[in-house]
> 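Take this structure, written in structure tokens, and hold onto it; I'll ask about it next.
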There are 2 protein chains.
Amino acid sequence: MATDRRKMIVEAATKSFSLFGYKATTMDQVAKLANVGKGTIYTFFKNKEELFEEIISSLVKEMMAEAEAVIQPDVPFTENVHHALYRLLEFRSQHQLMIKLVQEETEMGTLAVSEMLQHVEDEIIAYLKKKIDLAIAKGAIPPTDTELSSFLLLKMYIALVSDWERNHQPLSSEQIAEIMKVFLVNDLPK
Amino acid sequence: MATDRRKMIVEAATKSFSLFGYKATTMDQVAKLANVGKGTIYTFFKNKEELFEEIISSLVKEMMAEAEAVIQPDVPFTENVHHALYRLLEFRSQHQLMIKLVQEETEMGTLAVSEMLQHVEDEIIAYLKKKIDLAIAKGAIPPTDTELSSFLLLKMYIALVSDWERNHQPLSSEQIAEIMKVFLVNDLPK
DNA sequence: CCGTTGACCATTTTAGTTTTTTGGTCACTT
DNA sequence: AAGTGACCAAAAAACTAAAATGGTCAACGG
């Protein structure tokens, strides 16, 4: 209880952000939840936003670990990309903090939240790019502009699992995998 | 001036929506601009939203005509799709009413506006689908789920011309065309 | 001493209230 | 019959007072 004041703060803030969102979480509340004086928070974090950043950073790490865990070395590359993306979006739709943040963005348009979600998306794209670069190096797929294809991959994935379902039957996992394969195995212009 | 009261109303409303957006346009203002008593508007339109619908419907017709005008019968199908889509998005980014509505949606989230923009998107997809169906019938491209590919085509296009440019150099027209071709000439699952 | 604290402050947000504006109607005019 | 604008209930804007919030820092205690 002595040394992990910082940890308690982060845990309290995470809980509060998940429950009430960014704006509705007050620093007083975090301090109380963490059993800590409010001033103490400011010895570890410059301000509310920096505390938020640290929490999002952990969340991103957790997401990457989840994606990584689902990859199997003995299945084809495109299938693994599908598994990883699927896991990432599943994470997004199941993780309490993510749910709350997405909700807060659409309903209130909180700026700090929009920026963070944008950052998370960028991280996912960077992760995908790394994977694609590796697959190209191994000769598993033809070389392309990996920045572009990781970007498109995520955008399409999101469109397929969220926008599509507004007007249509959900697509099967196989269909989604097939669509992505078309992307990855065909050359895009550099 | 006697018979085209209806026309004057529509023109006045179009001008006002383009200038101030949907919410900020009042029926009094439209009546004044149209040189018409307010009650007269309600003999032609049930309410404000229906007036809006009529205007959007014209706008969609105009968009389709623009797209159609750019199609050349003697160039490959995929190139025509590119031209048409390019024209459609150019229209969106140049037409005063569209600009204002997109702005109003992101800044104020006006419900009626969101619904209309959604409707416009659906119309574009329907238009694309018709074109793709035709191309398949002619054997220009392999058969696919045309509902799905028209949806994906538009989503990708929008991602490439708007989201991509937030972090990257704009793509050349050739690059965009090439990406779309990959889609259209490869089989997607039914 | 130094890590911790909570009273304190300037600023922002909220709540409550009044005033104005708006979409829509309809009795009246032309 | 076609057109109108004064009129109304409902919604939005403007105003204000009160409360809450992020952040600071002098004081505290181990």
Side-chain angles (χ1 to χ4, degrees), chain A residues 1-56 100-101 104-105 107-116, chain B residues 1-56 100-101 104-105 107-116:
Chain A
M1 186 214 148
T3 170
D4 25 42
R5 291 188 126 70
R6 185 194 162 94
K7 200 174 173 183
M8 307 211 65
I9 292 169
V10 170
E11 271 168 20
T14 303
K15 190 178 286 180
S16 185
F17 285 146
S18 302
L19 236 42
F20 310 113
Y22 179 75
K23 265 214 64 176
T25 291
T26 71
M27 296 303 261
D28 272 313
Q29 197 180 31
V30 172
K32 220 159 266 167
L33 256 169
N35 268 103
V36 146
K38 187 160 61 151
T40 308
I41 300 179
Y42 289 88
T43 66
F44 294 112
F45 303 95
K46 208 173 89 235
N47 51 36
K48 188 180 180 182
E49 186 140 7
E50 215 169 70
L51 173 59
F52 189 35
E53 266 161 32
E54 164 126 356
I55 287 168
I56 293 296
K100 199 73 203 177
L101 292 179
E104 188 173 348
E105 168 164 54
E107 299 189 350
M108 321 181 40
T110 316
L111 186 65
V113 171
S114 294
E115 287 172 353
M116 278 308 155
Chain B
M1 188 215 149
T3 171
D4 25 42
R5 291 189 127 68
R6 186 194 160 94
K7 200 174 173 184
M8 305 211 68
I9 291 168
V10 170
E11 271 168 19
T14 303
K15 190 178 286 180
S16 184
F17 286 147
S18 301
L19 237 41
F20 310 113
Y22 178 75
K23 264 213 65 177
T25 290
T26 71
M27 295 304 259
D28 272 312
Q29 198 179 32
V30 172
K32 219 159 268 168
L33 255 170
N35 267 104
V36 146
K38 187 160 62 152
T40 307
I41 301 179
Y42 288 89
T43 66
F44 293 112
F45 302 96
K46 210 175 87 232
N47 52 36
K48 188 181 180 182
E49 186 140 7
E50 215 169 69
L51 174 59
F52 189 36
E53 264 161 34
E54 163 126 354
I55 287 167
I56 294 296
K100 200 72 205 177
L101 291 179
E104 188 173 348
E105 167 163 55
E107 298 189 350
M108 321 181 40
T110 315
L111 185 65
V113 172
S114 294
E115 285 172 355
M116 280 306 155

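Labels below follow one simple rule: chain letters A, B, ... track the order of the sequence lines, proteins then strands, and each chain is numbered from 1. Just so you know, these numbers come straight off a predicted model, no measurement behind them.
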> NZ of B:Lys100 to CZ of B:Phe20: how many Å apart, nearest 0.5 Å?
8.5 Å

> Flag the pair B:Phe45 / B:Val10 as yes when at least one side-chain heavy-atom distance between them is below 4.5 Å, and no otherwise.
yes

> To the nearest Å, how far apart are B:Lys23 NZ and D:dA10 C1'?
13 Å

> So does A:Ser16 get a backbone contact from the side chain of A:Thr25, meaning a donor-acceptor N/O pair under 3.5 Å?
yes

> Rounded to whole Å, please give me the gap between CD1 in A:Ile9 and P in D:dG22.
14 Å

> Pick base, sugar-phosphate or nothing for A:Thr40, based on heavy-atom distances below 4.0 Å to the nucleic acid.
base

> Only one of A:Glu115, A:Lys23, A:Glu104, A:Glu105 clears side-chain hydrogen bond (donor to acceptor under 3.5 Å, both in side chains) with A:Thr110; which?
A:Glu104

> What's the closest nucleotide to the A:Thr26 side chain, out of D:dT21, C:dG23, C:dT14?
D:dT21

> When you get a sec, tell me which of D:dG22, C:dG24, D:dG3 is the closest nucleotide to the side chain of B:Arg5?
D:dG3

> Could you check which of D:dA12, D:dG22, C:dG23 has an atom nearest any side-chain atom of A:Met27?
D:dG22

> Within this structure, what is the CG-to-C1' distance between B:Asn47 and D:dA9, rounded to whole angstrom?
17 Å

> For B:Ile41 and D:dA2, what is the distance between atoms CD1 and P respectively, to the nearest whole Å?
18 Å

> Report the distance from atom CG of A:Asp28 to atom C1' of D:dA19, rounded to the nearest whole Å.
13 Å

> How long is the line joining CG of A:Asn35 and C1' of C:dG6, in whole Å?
14 Å

> Would you mind telling me which of D:dG23, D:dT4, C:dG23 lies closest to the side-chain atoms of A:Lys48?
D:dG23

> Using a heavy-atom cut-off of 4.0 Å across all strands, would you classify A:Lys38 as base, sugar-phosphate, or nothing?
base

> Output the rounded distance in Å from CD (B:Gln29) to P (D:dG5).
17 Å

> Any chance you could measure A:Met116, atom CE, to A:Leu111, atom CG, to the nearest 0.5 Å?
10.0 Å

> Separation of B:Tyr42 atom OH from D:dG5 atom P, in whole Å?
15 Å

> Are A:Arg6 and C:dG3 close enough that a side-chain N or O sits under 4.0 Å from OP1 or OP2?
no

